[in-house]
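Worksheet: the structure to be examined is printed underneath.
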Amino acid sequence: MDGAQFSFFDDGTWSGKIYTGGWVDGSGGADEVTAPADGAHVASIGRATPADLGAAAKAARAAQPAWEATAPADRAAILNKAAEILEANAGELIPWIIRETGSIPPKAGIEIEHSAGFLRAAAEAAQENQTQTLASVDGRGASEELIRVAHGVVGVISPFNFPLILSIRAIAAALATGNAVVHKPDPRTPITGGVMIARAFEDAGLPSGLLHIVPGGADVGAAMCEDPNIAMVSFTGSPEVGAKVGEACGRNLKKVQLELGGKNALIVMDDADIDVAASNAAWGAWLHQGQICMATGLILVPSATAGQLIEALGTKASHLPVGDPAKEECALGPLIVEAEAKRVEGIVEDAVAKGATLHVGGKPNGTLFPATVLSGVKPGMRAFDEEIFGPVAVIAEYDNEDHAVELANMSDFGLVASVIGTDVRRARDLGMRLRVGHLHINDQTVTASPLAPFGGRGRSGNGCRISGPALWEEFTQWVWVTTKPAATPYPF
Ligand code: NAD
C-alpha cells in the first residue's frame, strides 16, 4: 500500500503484473483496481489475455507430473505453510481486503481465517490413502487396485464477493490432490482473489509452474474452457455465466464444477424466539451487504408472529450504519459497483409496486445501500423470485408448515435453508422436506466448513461439491489397475 515499508505484501513486487512463472507483465497491459466505496485507486494489476492463459496452461501441464509424484507429506507441508503465511500477515492483508472488496473488518478477518482453514483441511486430505484393493472376479490371478489420479491442470474462476476463500478452496483442493492450477480471479477483486494467494504460495515454497494467476475478463475465462491443456474447470459465480462455462466445457469434454447462486429460505417456526430469529435473519440477510451466495434471501414467518419479526428487523436495520469500512466504523460497506445498487433498488421498487411494504431502507447512495426490510413479499415479485445479492430482508408469511415448505421450494435455486424453532425435531423434519444442499437447524444460512461438501441443487450448481469428501471426488479420477504376475495367452 502507498507509503508502506517493504513487507510480505509490498506492491512493488506485484503492481501491474500477472503471476505466471514469477511476476511478469500481462500482454493486456495493466488495469486499475478501485475501491467500491469511493472509486479511489487501490492498485494496478496486470491484465492477462487469452494468449497468456494458453501459455500458463502449457507451463502448468509441464510442471504437474513432478508435483503429483511429490510425497503427499511434502505437498501438505507447503499447503500448511501457505496457511501460516496468510495468518501471520493478516494485519497487513486485512486493510487491502477492506479497501478492495468493501468488506467490514470482521468479514475481512473471516476471509483469512477460513482460507487458512481450507488450506489446512486440504493438507490433511493430501495425506489420505485413497487407493482401494478390489477382489479379482475372473479368476485370472490379477491383483486389482483403484488409484485416484489428478486431472492434470485445473482452471479456477472465482467471483468478487469472498474472493480469497472462494479462490483458495478450489486451488488448495487441486494442489493437494496433485494438480497444477491456472486461476482467473474476478477483475474487480484480483488482489484479494489472486495476488494474496500467489504471494502466500510463493513464500511457502510451491515449485514454479504449478500456480498461475491470470487476472482478466470474460475472454480469459472463456479461453480457459477451450484450452486443451486444462482438464477441469472449477467455477464459482452467477448461474448465467455458469451456464456458459458449463456449455463450453461440455463441448470440449472437460470436467466442470459449477458453484452458482442461491435464494436461501430461513423458516421461523411458530414456537421460535422471535428476537433470536430476527438476529439470525439480520446476519444472514445483511452480512457483506447480502453479497453472499448463502445469504438469507427469503424469511418465512407464520402470519401470527410476522408483525413482531418485522418490528425487530426494522429496529435492527435502522441502527446499522452504512459507510466506507476503510474510513469509519460501519456494519455495512458498499456494494461492488453502483450498477448493482441500482439493480437492487429496482428489485425493491418492483416489490412495492406489486403490493409489498417497505419498512426501512431501499434507497442507495452511490454504492452504499442501507439494510432494508420488505414484508408482504409474494411469488411474482422479483424480491421473491430472484437472488438479490444486496442487503434486503425479504419477509413472506405462511399459513402452515406445508405452505412454508411450498414457498421455500418454489425457488429454482437449492443451496441453503435454515429453520429456527424450539422443537428441534419438528424443525428438522420440516427442513428435510426442503430441496437444498445445506440445511441448518437453529442457525442462519451463511455457514461453511472446510470439512463439509459445499454445493447446492437445481440452479445453484451442477451437483458437484467442493471440500470435505468432495475434495478427492472432484479433483481426481479413478484409474483401475490390474497386475498379473505374468501375461497369459488368449484364444486368438
Ligand atoms: P459472475 O458470474 O459475473 O463472475 C464470476 C467469474 O466469472 C468472474 O471471474 C468473471 O470474470 C468470470 N466470467 C464472466 N464471464 C465469463 C465467461 N463468459 N466465461 C468464463 N468466465 C467468465 O459472478 P459475480 O456477479 O461476480 O458473482 C456473483 C454470483 O456468484 C452470484 O450469483 C452468487 O450467488 C455466486 N456465488 C456462488 C457461490 C457458491 O459457492 N455457490 C459463492 C459466491 C458467489
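The residues of the chain are indexed from 1 along the displayed sequence. Both ligands and their constituent atoms are indexed starting at 1 by order of listing.
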Using a 4.0 Å cutoff against the non-hydrogen atoms of [X], which atoms of ligand 1 qualify?
{"X": "F235", "answer": "2 (O), 6 (C), 7 (O)"}
{"X": "A222", "answer": "19 (N), 20 (C)"}
{"X": "R169", "answer": "39 (C), 40 (O)"}
{"X": "P239", "answer": "32 (O)"}
{"X": "R188", "answer": "26 (O)"}
{"X": "V245", "answer": "19 (N), 20 (C)"}
{"X": "P187", "answer": "11 (O)"}
{"X": "S158", "answer": "6 (C), 8 (C), 9 (O)"}

Of the choices [options], which has the non-hydrogen atom that lies closest to [atom]?
{"atom": "atom 44 (C) of ligand 1", "options": "N161, I336, N264", "value": "N161"}
{"atom": "atom 18 (N) of ligand 1", "options": "C249, A218, G262", "value": "A218"}
{"atom": "atom 10 (C) of ligand 1", "options": "E387, K184, E259, H183", "value": "K184"}

Sort and list the pairs that fulfil ring pair (Phe, Tyr, Trp, His ring centres under 6.0 Å) and have at least one residue in residues 439-473, not counting sequence neighbours.
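For residues 439-473, and leaving out neighbouring residues, the ring pair (Phe, Tyr, Trp, His ring centres under 6.0 Å) pairs sorted by first residue read H438-F454.
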
Which segment of [X] sits under 4.0 Å of ligand 1 when only heavy atoms are counted:
{"X": "F162", "value": "neither"}
{"X": "I466", "value": "neither"}
{"X": "D186", "value": "both"}

Check each of K342, R343, K363 against E349 using the salt bridge (Lys or Arg N to Asp or Glu O under 4.0 Å) test, and report the only one that passes.
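Testing each of K342, R343, K363 against E349, the sole residue satisfying salt bridge (Lys or Arg N to Asp or Glu O under 4.0 Å) is K363.
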
[X] versus [Y], closest heavy-atom pair with distance:
{"X": "L313", "Y": "A278", "result": "CD2-O, 3.5 Å"}
{"X": "Q127", "Y": "A76", "result": "NE2-CB, 3.4 Å"}
{"X": "A317", "Y": "A371", "result": "CB-O, 3.7 Å"}

Scan side-chain atoms only and decide if T236 and E259 contain a donor-acceptor pair under the 3.5 Å cut-off.
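Checked: T236/E259 side chains show no N/O donor-acceptor pair below 3.5 Å.
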
How far is [atom] from its nearest protein heavy atom, and which residue and atom name does that atom have?
{"atom": "atom 41 (N) of ligand 1", "result": "L260 O, 2.6 Å"}
{"atom": "atom 25 (O) of ligand 1", "result": "F160 CE2, 3.8 Å"}
{"atom": "atom 1 (P) of ligand 1", "result": "S238 OG, 3.6 Å"}
{"atom": "atom 27 (O) of ligand 1", "result": "P159 CB, 3.5 Å"}
{"atom": "atom 36 (N) of ligand 1", "result": "C293 CB, 3.6 Å"}

Using the ring of F235 (Phe, Tyr or Trp, six-membered ring only), decide whether K184 places NZ or CZ under 6.0 Å from its centre and within 45 degrees of its axis.
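No.
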
Does the ring of F8 carry R199 above it, NZ/CZ under 6.0 angstrom from centre and within 45° of its axis?
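Here R199 passes the 6.0 Å and 45° test against F8.
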
Please verify the inter-ring angle class for F160 with F389; under 30° counts as parallel, over 60° as perpendicular, anything in between as tilted.
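Plane angle over 60°, so perpendicular.
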
Only one of D11, I45, I213 forms a side chain to side chain contact (heavy atoms under 4.5 Å, CB included) with V195, so which one is it?
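Filter result, single survivor: I45.
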
Not counting sequence neighbours, which residues clear ring-ring contact (aromatic ring centres under 6.0 Å, His included) with F118? List them please.
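F118 satisfies ring-ring contact (aromatic ring centres under 6.0 Å, His included) with no residue once adjacent residues are dropped.
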
